[in-house]
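Let me begin by presenting the structure, written as structure tokens, before commenting on it.
Because the structure is a prediction, the values reported are computed rather than measured. Only this structure's heavy atoms are used, side chains among them; waters, hydrogens and symmetry mates stay out. All ligand and atom numbering here is 1-based and tracks the order in the structure.
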Amino acid sequence: MRVGQGFDVHRLVPERKLILGGITIPYELGLLGHSDADVLVHAVMDAMLGAIGAGDIGRHFPDHDPAYRDADSLKLLAEVVKMVNASGAKIANVDATVIAERPKLASFIPQMRQRLADILRISAERINVKATTTEGLGFTGKGEGIAAMAMVLMDESHD
Ligand code: MG
């Protein structure tokens, strides 16, 4: 078994779409970033890269590379899935937490799980997405940004 963890933060700004787990969420602010700034997908990618000992998202998808400008993070996630497959590991489960004061995310979580499951090619039941606030404290509490954490467990194949 191998475990990996990921963490990411993006700033909330006007005139950007809010995309979390590949789902566009109606809100007056969106996340700022070189790509689509999907903070949840980025945390999951870093967790997967960690589990296979392959560094981090910045190494594989540098934010100064014009190829990744406004990139769909699900496409980058699909690239990481290829790396996982090439390593011989299999994703056992993913558990992630989005830390945001607003908007309320609970009603979007089933769609996020399904979208992630489609890319990871595992059952949505093996992907858990949670949302929490920081009770008004810190940058997430003040609505200045959204953070996400993820953990992934992988089975190593021995053939
Ligand atoms: Mg990021």
Under 2.8 Å from the Mg ion (ligand 1), the protein N, O or S atoms, given as residue and atom
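The answer, once waters are left aside, is Asp8 OD2, His10 NE2, His42 ND1.
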
Indicate, with yes or no, if the rings of His64 and His34 have centres closer together than 6.0 Å.
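No, the ring centres sit 6.0 Å or more apart.
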
Look at [X] together with [Y] and state whether they make a salt bridge at an N to O cut-off of under 4.0 Å.
X: Lys17; Y: Asp70; answer: no
X: Glu28; Y: Arg102; answer: yes
X: Asp95; Y: Lys130; answer: yes

Below 4.5 Å, heavy atoms only, C-beta onward: do Glu101 and Thr134 meet side chain to side chain?
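Glu101 vs Thr134: side chains touch.
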
What residue among Val41, Asp46, Leu40 forms side chain to side chain contact (heavy atoms under 4.5 Å, CB included) with Val44?
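Checked Val41, Asp46, Leu40 against Val44; only one passes side chain to side chain contact (heavy atoms under 4.5 Å, CB included): Leu40.
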
